[in-house]
Asker: 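I'd like to ask some things about the structure below.
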Amino acid sequence: MDLNEISLQLQAGKAKIVKTLVQQAIDEGIPAQKILEEGLLAGMSVIGEKFKNNDVFVPEVLVAARAMNMGANLLKPLLAEDGVKATGKVCIGTVKGDLHDIGKNLVKMMMEGKGLEVVDLGTDVAPETIVKTAQEQGCQVICCSALLTTTMGVMADVVKAAEAAGIRDSVKIMVGGAPVTDAFCQQVGADAYTPDAASAAEKAVEFCA
Ligand code: B1M
């Protein structure tokens with residue numbers, strides 16, 4: 001199958017067709033990672049570019065996001081199959097003021113695929129909530145996602161909240177999302193920046209070991 005068809009249908013927001021095509025690609029034996037990257041993420045990337053240039057608007061992006069999630073859900077068990085299972089507990093959330101959750105959901109998916117237990121706090125999460133959850137649930141790692149330049153600064157508050165709660169030495173703080181960089185990670189005093197979901201999962205396993 002031509003994975004570009006998945007990308008095109010995602011861009012058109014045709015969630016049911018995307019779901020059918022993803023299933024078809026799976027049935028044809030195409031690796032889940034390839035379907036994710038060349039079908040779903042490729043389509044989302046085109047939508048992102050159009051959104052930036054005002055060629056599409058929030059409603060179109062939302063239906064594309066829905067199609068992305070429906071396709072990704074089918075891939076989840078397959079992405080989870082490979083490799084030795086690790087143990088550890090991670091809490092993850094998109095920071096306060098930010099509603100983007102597609103990347104976070106992929107990170108969660110990859111982490112679960114590695115055998116980690118993931119407490120998902122959703123989007124628009126206050127630093128105190130993330131830290132309190134990590135404390136109460138005994139998470140070794142906190143993962144913060146931010147997609148906006150106006151919200152990435154909240155990650156610094158997460159680090160400060162962990163210090164204030166006295167858990168900074170016992171928890172690793174990971175940051176990610178499109179505007180986040182390694183330099184930013186160091187600037188806010190977090191422990192690791194990873195550019196994508198797969199490397200985030202690998203790093204979390206390393207931290208939990
Ligand atoms: Co928004 N949006 N959006 N949006 N949106 C961006 C981010 C933007 C870059 C678009 C643009 O202008 N080009 C821009 C931000 C500009 C900036 O800050 N510099 C933007 C804007 C401006 C906005 C609004 C303000 C628009 C408005 O209302 N005027 C608004 C803000 C709402 C809010 O959050 N308060 C808004 C709203 C929305 C929608 C609701 C319509 C929708 C979100 C739907 C949803 O998530 N459920 C949406 C979307 C979909 C996007 C784009 C098009 C796509 C984002 C995405 O899902 N990418 C985006 C443009 C773009 O990125 N090209 C855009 C796919 C996803 C898999 O990638 O999230 O980067 P990403 O995740 C990657 C890595 O970054 C990494 O792993 C993932 C997979 O490998 N990663 C992590 C992510 N989190 C991690 C955490 C980790 C580790 C790795 O933890 C350790």
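For reference, positions follow the sequence shown, starting with 1. Only a predicted model underlies this, so the values are computations on that prediction, with no experimental measurement involved. Order of listing sets the numbers, starting from 1, for every ligand and every atom in it.
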Asker: If I apply the N/O under 3.5 Å rule, does T150 come out as touching ligand 1?
Answerer: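 In fact, backbone or side chain, T150 has no N or O that close.
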Asker: Checking the N or O distance criterion of under 3.5 Å, is ligand 1 in contact with V175?
Answerer: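 Min N/O separation from ligand 1 is not below 3.5 Å for V175.
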Asker: Any nitrogen or oxygen of T149, main chain or side chain, under 3.5 Å from a nitrogen or oxygen of ligand 1?
Answerer: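 Min N/O separation from ligand 1 is below 3.5 Å for T149.
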Asker: Side-chain contact, heavy-atom cut-off 4.5 Å: E136 with K132?
Answerer: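 SC-SC contact between E136 and K132 confirmed.
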Asker: Output yes when a side-chain donor or acceptor of Q140 lies under 3.5 Å from a complementary backbone atom of K89, and no otherwise.
Answerer: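 Such a contact is found between Q140 side chain and K89 backbone.
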Asker: Are any of the N/O atoms in M174 less than 3.5 Å from those in ligand 1?
Answerer: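 Such a contact does not occur with ligand 1.
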Asker: Should D101 be counted as touching ligand 1, given the test is an N or O pair under 3.5 Å?
Answerer: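 N/O-N/O distance below 3.5 Å exists for this pair.
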Asker: Looking only at N, O or S atoms in H100, which is nearest to atom 1 (Co) of ligand 1?
Answerer: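 Considering only N, O and S atoms, H100 comes nearest to atom 1 (Co) of ligand 1 through NE2.
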Asker: Considering only protein heavy atoms, which is closest to atom 78 (C) of ligand 1, and at what distance to one decimal place?
Answerer: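 It is G103 CA, 3.8 Å.
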Asker: Do side-chain atoms of Q135 reach the backbone of I167 as a donor and acceptor pair under 3.5 angstrom?
Answerer: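 Pair absent, no side-chain N/O of Q135 close to backbone of I167.
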Asker: For atom 14 (C) of ligand 1, what's the nearest protein heavy-atom neighbour? Residue, atom name and distance, please.
Answerer: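 Nearest neighbour among protein heavy atoms for atom 14 (C) of ligand 1, to 0.1 Å: L148 CD2, 4.3 Å.
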Asker: Using a heavy-atom cut-off of under 4.0 Å, does the side chain or the backbone of A178 touch ligand 1, or both, or neither?
Answerer: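 The answer is both, backbone and side chain.
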Asker: Is there a protein heavy atom less than 4.0 Å away from atom 52 (C) of ligand 1?
Answerer: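 There is no protein heavy atom less than 4.0 Å from atom 52 (C) of ligand 1.
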Asker: Hey, is ligand 1 close enough to K104 that some N/O pair sits below 3.5 Å?
Answerer: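 Min N/O separation from ligand 1 is not below 3.5 Å for K104.
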Asker: To check your reading of the model: name the closest protein heavy atom to atom 28 (O) of ligand 1, its residue, and the distance in Å.
Answerer: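 For atom 28 (O) of ligand 1, the nearest protein heavy atom is V58 CG2, 4.2 Å.
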Asker: If you have a sec, work out which protein heavy atom is nearest atom 7 (C) of ligand 1 and how many Å separate them, to one decimal?
Answerer: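 Closest protein heavy atom to atom 7 (C) of ligand 1: L147 O, 3.4 Å.
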Asker: So which heavy atom in the protein is nearest atom 61 (C) of ligand 1, and how far is it from that ligand atom?
Answerer: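 Sorting protein heavy atoms by distance from atom 61 (C) of ligand 1 puts G48 CA, 4.2 Å first.
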Asker: Counting only heavy atoms, which portion of D98 has something under 4.0 Å from ligand 1: side chain, backbone, both, or neither?
Answerer: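 Within the 4.0 Å criterion, D98 contacts ligand 1 through backbone and side-chain atoms alike.
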Asker: Between A197 and ligand 1, is there a nitrogen or oxygen pair with a distance under 3.5 Å?
Answerer: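 N/O-N/O distance under 3.5 Å: yes.
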Asker: So, for I173 and V158, which heavy atoms are closest and what is the spacing to 0.1 Å?
Answerer: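 Minimum heavy-atom contact is CD1-O, 4.4 Å.
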Asker: Identify whether the distance between the nearest side-chain nitrogen and carboxylate oxygen of E163 and K160 falls below 4.0 Å.
Answerer: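 A salt bridge is absent here (no side-chain N lies under 4.0 Å from a carboxylate O).
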Asker: Can you tell which part of P179 has a heavy atom less than 4.0 Å from ligand 1: side chain, backbone, both or neither?
Answerer: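 No part of P179 comes within reach of ligand 1.
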Asker: Using heavy atoms and a threshold below 4.0 Å, how should the contact between L99 and ligand 1 be classified: side chain, backbone, both, or neither?
Answerer: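 Near ligand 1, L99 shows its backbone as well as its side chain.
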Asker: Calculate, to the nearest 0.5 Å, the distance between atoms OG1 and CG belonging to T87 and L116 respectively.
Answerer: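 Answer for the OG1-CG pair, T87 versus L116, is 8.0 Å.
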Asker: I need the nearest protein heavy-atom contact for atom 90 (O) of ligand 1: residue, atom name and distance, please.
Answerer: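 The closest heavy atom on the protein side is C144 O, 3.6 Å.
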